[in-house]
Amino acid sequence: MKNPQTSVLISEARIQVRIRELGAAITRDYPDGELILLGILKGSFLFLADLVRAIDRPVKIDFMGMASYGSGTVSSGEVAVTKKLGMNITGAHLLIVEDIVDTGRTLNALVHLLQHEKPQSVQIAALLDKEERREFAVPVAYRGFPIPDAFVVGYGLDFNEDYRGLKDICILREGA
Ligand code: 5GP
């Protein structure tokens with residue numbers, strides 16, 4: 001990709017409105033008890049940062065690292081834990097916070113892994129959902145936006161570690 005270019009798919013303003021709606025729904029839905037937001041590194045870091053401030057109840061934060069992509073735009077087909085859970089989640093309500101669900105391979109594997117720790121509940125909040133690409137069942141309780149099958153960057157999402165700081169979610173396309 002010699003001259004990559006981006007075009008805006010979802011603007012910063014739309015992202016912020018939707019996250020406030022998701023935060024209100026999470027605030028409403030969760031009963032008392034410990035709620036842990038588990039951000040999946042690195043792509044979810046901005047979503048998590050905005051979502052936690054849109055939730056009006058006590059929460060705890062942890063991060064895990066999962067890798068399913070190598071350095072390109074095509075899935076490697078393998079899921080690896082690159083950073084382990086940092087806290088005890090037994091008996092807690094766990095809300096996994098993910099940037100994007102594509103085939104569902106990463107989240108499907110993660111949910112199974114986390115069940116071993118016996119949390120009280122496990123739910124998923126995903127900002128973006130490429131639903132037509134799904135191969136593995138993943139129950140997404142809180143979804144930001146369904147998107148078409150295109151490679152997106154910005155608002156935390158990268159291509160080879162670039163573009164994470166873009167304020168909008170953009171489609172990455174090869175330039176002329
Ligand atoms: P899945 O396991 O659902 O196939 O893939 C999920 C992971 O693939 C995401 O957490 C993300 O890291 C990566 N991914 C999938 N689609 C995109 C995309 O369009 N852009 C970026 N930057 N990463 C993606």
Side-chain angles (χ1 to χ4, degrees), residues 4-27 29-30 35-73 75 79-87 89 93-107 110-111 114 122-131 133 138 140-173:
Q5 296 179 330
T6 59
S7 57
V8 174
L9 178 67
I10 306 169
S11 69
E12 179 185 14
R14 282 182 66 207
I15 296 169
Q16 293 305 327
V17 168
R18 187 69 188 119
I19 290 177
R20 277 196 290 276
E21 291 170 355
L22 295 177
I26 292 165
T27 304
D29 291 351
Y30 275 90
L35 172 60
I36 300 173
L37 302 192
L38 179 63
I40 307 307
L41 295 171
K42 301 178 195 173
S44 72
F45 79 105
L46 289 179
F47 178 38
L48 180 80
D50 286 337
L51 187 63
V52 71
R53 286 175 288 180
I55 297 173
D56 189 18
R57 60 155 285 157
V59 297
K60 294 181 180 173
I61 304 291
D62 198 5
F63 290 98
M64 273 184 83
M66 303 285 290
S68 71
Y69 273 19
S71 57
T73 57
S75 173
V79 176
V81 175
T82 55
K83 183 201 172 297
K84 286 190 206 162
L85 207 57
M87 60 170 65
I89 61 167
H93 293 288
L94 195 64
L95 181 59
I96 299 170
V97 179
E98 175 66 303
D99 51 2
I100 183 166
V101 194
D102 185 10
T103 64
R105 182 182 279 114
T106 309
L107 283 176
L110 182 62
V111 168
L114 292 169
V122 182
Q123 299 276 24
I124 293 167
L127 183 63
L128 306 173
D129 185 357
K130 288 186 193 172
E131 50 192 351
R133 295 255 310 153
V138 171
V140 181
Y142 303 97
R143 178 171 79 163
F145 303 92
I147 63 165
D149 180 14
F151 194 81
V152 292
V153 295
Y155 193 69
L157 289 105
D158 76 312
F159 174 69
N160 286 348
E161 295 302 328
D162 287 323
Y163 304 105
R164 291 195 197 275
L166 296 181
K167 292 182 172 63
D168 308 304
I169 289 165
C170 301
I171 293 180
L172 186 66
R173 54 193 164 79

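Since the structure is predicted, the reported quantities are computational estimates derived from the model, not experimental observations. Values below: all heavy atoms of this structure, side chains included; hydrogens, waters and symmetry mates excluded.
Under the 3.5 Å distance criterion, the side-chain polar atoms of Asp168 are left unmatched by any main-chain donor or acceptor of Val8. Checking side-chain atoms of Ser44 against main-chain N and O of Phe47 turns up no donor-acceptor pair under 3.5 Å. Within the 3.5 Å criterion, the main-chain N or O of Leu85 finds no donor-acceptor partner in the side chain of Asp62. Distance alone, capped at 3.5 Å, places no donor-acceptor pair between the Lys42 side chain and the Gly156 backbone. Remark: side-chain polar atoms of Arg18 are paired, donor with acceptor, to backbone N or O of Arg143 under 3.5 angstrom.
Lys167 NZ to Ile15 CD1: the interatomic distance, rounded to the nearest 0.5 Å, is 11.0 Å. Distance check: Arg53 CZ to Leu48 CG gives 9.5 Å after rounding to the nearest 0.5 Å. To the nearest 0.5 angstrom, Asp102 atom CG is 10.5 Å from Leu128 atom CG. In this structure, Ile89 CD1 and Met87 CE are separated by 10.0 Å, a value rounded to the nearest 0.5 Å. Rounding to the nearest 0.5 Å places CZ of Arg133 at 10.5 Å from CD1 of Ile147. Atom OH of Tyr142 sits about 9.0 Å away from atom CG of Leu22, to the nearest 0.5 Å.
Between Leu114 and Met64, some side-chain heavy-atom pair lies under the 4.5 Å cut-off. In this structure, Leu35 and Ile26 have side chains that are in contact, with non-hydrogen atoms separated by less than 4.5 Å. Contact annotation: the side chain of Ile10 never approaches that of Tyr155 to less than 4.5 Å [non-hydrogen atoms, C-beta and beyond]. Looking at heavy atoms from C-beta onward, Ile169 lies out of side-chain contact with Phe145 at the 4.5 angstrom threshold. A heavy-atom distance below 4.5 Å is not found between the side chains of Ile40 and Asp99. The closest side-chain heavy-atom distance from Ile124 to Val111 is below 4.5 Å. In this structure, the side chains of Leu37 and Ile55 come closer than 4.5 Å at one or more pairs of heavy atoms. Between Val153 and Leu166, some side-chain heavy-atom pair lies under the 4.5 Å cut-off.
Across all non-hydrogen atoms, the minimal contact from Leu46 to Arg164 is CD1-O, 3.8 Å. Heavy-atom minimum distance, Lys130 versus Pro148: CG-O, 3.8 Å. Considering every non-hydrogen atom in both Ala125 and Leu51, the closest pair reads CB-CD2, 4.3 Å.
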> Which is it for Val59 and Tyr30 under the side chain to side chain contact (heavy atoms under 4.5 Å, CB included) test, yes or no, and what are the steps along the way?
Replying inline: CA-CA 11 Å; Val59 297; Tyr30 275 90; over 6 Å; no

> Between Val97 and Val52, does a side chain to side chain contact (heavy atoms under 4.5 Å, CB included) hold up when you go through it step by step?
Replying inline: CA-CA 10 Å; Val97 179; Val52 71; over 6 Å; no

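When each of Leu38, Leu127, Thr106 is paired with Glu98, the side-chain contact (heavy atoms from CB on, under 4.5 Å) condition holds for Thr106 and for no other.
Around NZ of Lys83, the count of heavy atoms belonging to other residues, nucleotides or ligands within 6.0 Å exceeds 12. Dense packing is recorded around CG of Asp29, with more than 12 heavy atoms of other residues, nucleotides or ligands lying under 6.0 Å away.
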